[in-house]
Amino acid sequence: MYSGNEQIQFFEQILFIHLGKDTPIKSLDFVSGGCINNAVRLQTTEGDFFVKWNVQELDGMFEAEARGLQILKQSGEIYVPEVLATGKQEDKAYILMEYISSTLPHKDFWEDFGRSMAYLHKHSQAYFGLDFNNYIGSLPQNNEPMGDGLAFFIEKRLRVQAGLAYYQGHIDRDLLDQLSRFYDLLPDLLPISEKPALLHGDLWSGNFLVNELGKATLIDPATYYGWREAELAFTRLFGGFESRFYEAYQEVYPLEKDFEKRVEIYNLYPLLVHLNLFGSSYREMIERIIKKFLN
């Protein structure tokens, strides 16, 4: 832990490095940075900035976040904060961004959000994955490109997290074997005709803001090209978005028939991630899904 003066000095150093001049800080307000990072709003003579930092030595985390945000921004489909810089100062890695002033949602917020995500998902490429790896939470996310979406989902998403859960002691050999048998069922359970879609990758209610125009702003991505159904399934895992979001999405980019039956399957990935991040309370949900399809 360090003192208030040391905190101010750290932020002033960051601003000087990237703005090229002394930038007095008028005030700072600590905000939620999730369970991994610290975060602060800086009010300065040059405007407001957002800084997120950590001391956990997670290799390239903020650089990968910045690249993911840039990919989403380049789509032109939805608002994303401007990344000003990433770097390391003393023992702390950081990302410096524009500060998003939050306000109340516009009356058409959910419809606009749903349409924006549908148009984002229309952006595609020839392979699943990405040309760099990133993180989901504090866990490395392997985006090694693959041409087969089903193989990518099994090998780079489910099998990686299941193996980690086993070696961390969150699941036993029996459940690991059940998961392996479950993978063999997936060709008959999931559509394989979907092309890769540009995804936020970690889309839930904690990873978007309402900006000063009352519209959605995406933050904290785990970007890659994957199945858009997996993204929409994740939005429903912790309470879900309002129905107007999904209705507007469907109008722009309709889903294949029987999506509802596939939601639990896709959500095995975020559930395994949460199991590895937060412990065994998520195991029962995983067991229930697996048994439903194996029985």
Side-chain angles (χ1 to χ4, degrees), residues 72 75 77-78 108-125 127-129 136 141 146-159 161-162 179 181-208 216 218 221-274 282 285-295:
L72 295 173
S75 76
E77 305 298 355
I78 192 165
D108 296 324
F109 173 83
W110 288 108
E111 290 88 346
D112 181 74
F113 192 6
R115 286 190 291 268
S116 295
M117 290 307 301
Y119 284 118
L120 179 70
H121 288 168
K122 284 177 176 284
H123 289 253
S124 187
Q125 63 178 17
Y127 57 83
F128 292 81
I136 183 162
Q141 182 169 258
M146 299 183 73
D148 185 321
L150 182 61
F152 180 85
F153 183 62
I154 293 172
E155 300 301 328
K156 305 303 179 185
R157 293 296 177 259
L158 299 183
R159 204 182 292 277
Q161 293 298 325
L179 281 160
R181 295 199 303 274
F182 173 74
Y183 304 150
D184 294 335
L185 305 179
L186 291 181
D188 294 324
L189 296 174
L190 296 178
I192 58 174
S193 59
E194 283 271 312
K195 60 185 180 180
L198 176 56
L199 308 181
H200 172 278
D202 193 5
L203 189 60
W204 65 289
S205 60
N207 281 347
F208 71 83
L218 298 182
T223 309
Y224 68 99
Y225 285 83
W227 278 330
R228 63 193 179 105
E229 289 192 346
E231 179 121 285
L232 292 178
F234 193 7
T235 67
R236 298 174 56 168
L237 184 55
F238 301 115
F241 294 179
E242 289 196 11
S243 60
R244 292 177 292 156
F245 171 91
Y246 303 104
E247 291 164 1
Y249 184 101
Q250 283 278 76
E251 290 174 3
V252 173
Y253 198 3
L255 296 167
E256 292 191 20
K257 183 181 176 182
D258 295 328
F259 166 65
E260 298 290 333
K261 297 178 180 179
R262 299 186 287 272
V263 168
E264 288 183 314
I265 298 173
Y266 293 120
N267 279 340
L268 278 171
Y269 177 57
L271 285 171
L272 285 163
V273 167
H274 279 72
Y282 291 91
M285 296 175 68
I286 294 167
E287 290 174 331
R288 177 179 53 79
I289 295 170
I290 295 301
K291 288 178 180 177
K292 174 180 175 180
F293 289 97
L294 287 181
N295 290 340

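Excluded from the calculations below are hydrogen atoms, water molecules and symmetry mates; all remaining heavy atoms, backbone and side chain alike, are included.
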Checklist entry - So, Tyr269 versus Phe234, ring centres under 6.0 angstrom or not? => result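 Centroid separation for Tyr269 and Phe234: 6.0 Å or greater.
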Checklist entry - Are Tyr249 and His121 close enough that their ring centers fall under 6.0 Å? => result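 Close enough - the centres of the two rings lie under 6.0 Å apart.
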Item to check | Pair Arg115 + Glu77: basic N to acidic O under 4.0 Å | outcome: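 Judged by the 4.0 Å cut-off on N to carboxylate O distance, Arg115 and Glu77 do not form a salt bridge.
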Checklist entry - Using 4.0 Å as the upper bound for N to carboxylate O, is an ion pair formed by Glu287 and Lys292? => result no
Output the distance between atom [atom1] ([X]) and atom [atom2] ([Y]), rounded to the nearest 0.5 Å.
{"X": "Glu247", "Y": "Arg244", "atom1": "CD", "atom2": "CZ", "value": "9.0 Å"}
{"X": "Phe293", "Y": "Leu185", "atom1": "CZ", "atom2": "CG", "value": "9.0 Å"}
{"X": "Leu150", "Y": "Glu194", "atom1": "CG", "atom2": "CD", "value": "13.0 Å"}

Work out which heavy atom in [X] is nearest to a heavy atom in [Y]; give both atom names and the distance.
{"X": "Ile78", "Y": "Ser116", "value": "CD1-CB, 4.0 Å"}
{"X": "Ser75", "Y": "Leu198", "value": "CB-CD2, 4.2 Å"}
{"X": "Gln250", "Y": "Leu255", "value": "OE1-N, 2.6 Å"}

Checklist entry - Any idea how His274 and Phe238 line up, ring-wise: parallel (<30°), tilted (30 to 60°), or perpendicular (>60°)? => result tilted
Checklist entry - With under 30° as parallel and over 60° as perpendicular, where do the rings of Phe208 and Trp110 fit, or are they tilted in between? => result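 Plane angle over 60°, so perpendicular.
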Is the shortest heavy-atom distance from the side chain of [X] to the side chain of [Y] under 4.5 Å?
{"X": "Leu232", "Y": "Tyr266", "answer": "no"}
{"X": "Leu189", "Y": "Phe182", "answer": "yes"}
{"X": "Tyr246", "Y": "Arg236", "answer": "yes"}
{"X": "Ile290", "Y": "Leu268", "answer": "yes"}
{"X": "Phe245", "Y": "Phe113", "answer": "yes"}
{"X": "Phe152", "Y": "Tyr225", "answer": "no"}
{"X": "Leu158", "Y": "Leu179", "answer": "no"}
{"X": "Leu120", "Y": "Leu199", "answer": "no"}

Flag, side chain of [X] to backbone of [Y], donor-acceptor distance under 3.5 Å:
{"X": "Gln125", "Y": "Tyr127", "answer": "yes"}
{"X": "Asp108", "Y": "Glu111", "answer": "no"}
{"X": "Glu229", "Y": "Val263", "answer": "no"}
{"X": "Arg159", "Y": "Phe153", "answer": "no"}
{"X": "Ser124", "Y": "Pro196", "answer": "yes"}
{"X": "Asn267", "Y": "Ala233", "answer": "yes"}
{"X": "Glu231", "Y": "Gly201", "answer": "yes"}

Checklist entry - For atom OH of Tyr119, is the number of surrounding heavy atoms from other residues, nucleotides or ligands below 6.0 Å larger than 12? => result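 No, because the 6.0 Å sphere around OH of Tyr119 holds 12 heavy atoms or fewer from other groups.
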Next on the checklist: Taking the cut-offs as 6.0 angstrom to the six-membered ring centre and 45 degrees off its axis, would you call Arg157 and Tyr224 a cation-pi pair?
Outcome noted: yes
Next on the checklist: Using a 6.0 Å distance limit plus a 45 degree cone around the ring axis, check whether Arg228 lies over the aromatic ring of Tyr253.
Outcome noted: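 Yes; both conditions hold, so Arg228 lies above the ring face of Tyr253.
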Next on the checklist: Apply side-chain contact (heavy atoms from CB on, under 4.5 Å) to residues Asp148 and Phe128 and explain how you reach the verdict.
Outcome noted: CA-CA 7 Å; Asp148 185 321; Phe128 292 81; over 6 Å; no
Checklist entry - Could you walk me through whether Trp227 and Leu190 pass the side-chain contact (heavy atoms from CB on, under 4.5 Å) check? => result CA-CA 10 Å; Trp227 278 330; Leu190 296 178; 3.6 Å; yes
Checklist entry - Are Leu218 and Asn207 close enough, and set up right, to give a side-chain contact (heavy atoms from CB on, under 4.5 Å), and what steps lead you there? => result CA-CA 6 Å; Leu218 298 182; Asn207 281 347; over 6 Å; no
Next on the checklist: Under the criterion side-chain contact (heavy atoms from CB on, under 4.5 Å), I'd like the reasoning laid out for Thr223 against His200: C-alpha separation, chi angles, the key distance, then a yes or no.
Outcome noted: CA-CA 5 Å; Thr223 309; His200 172 278; 5.8 Å; no
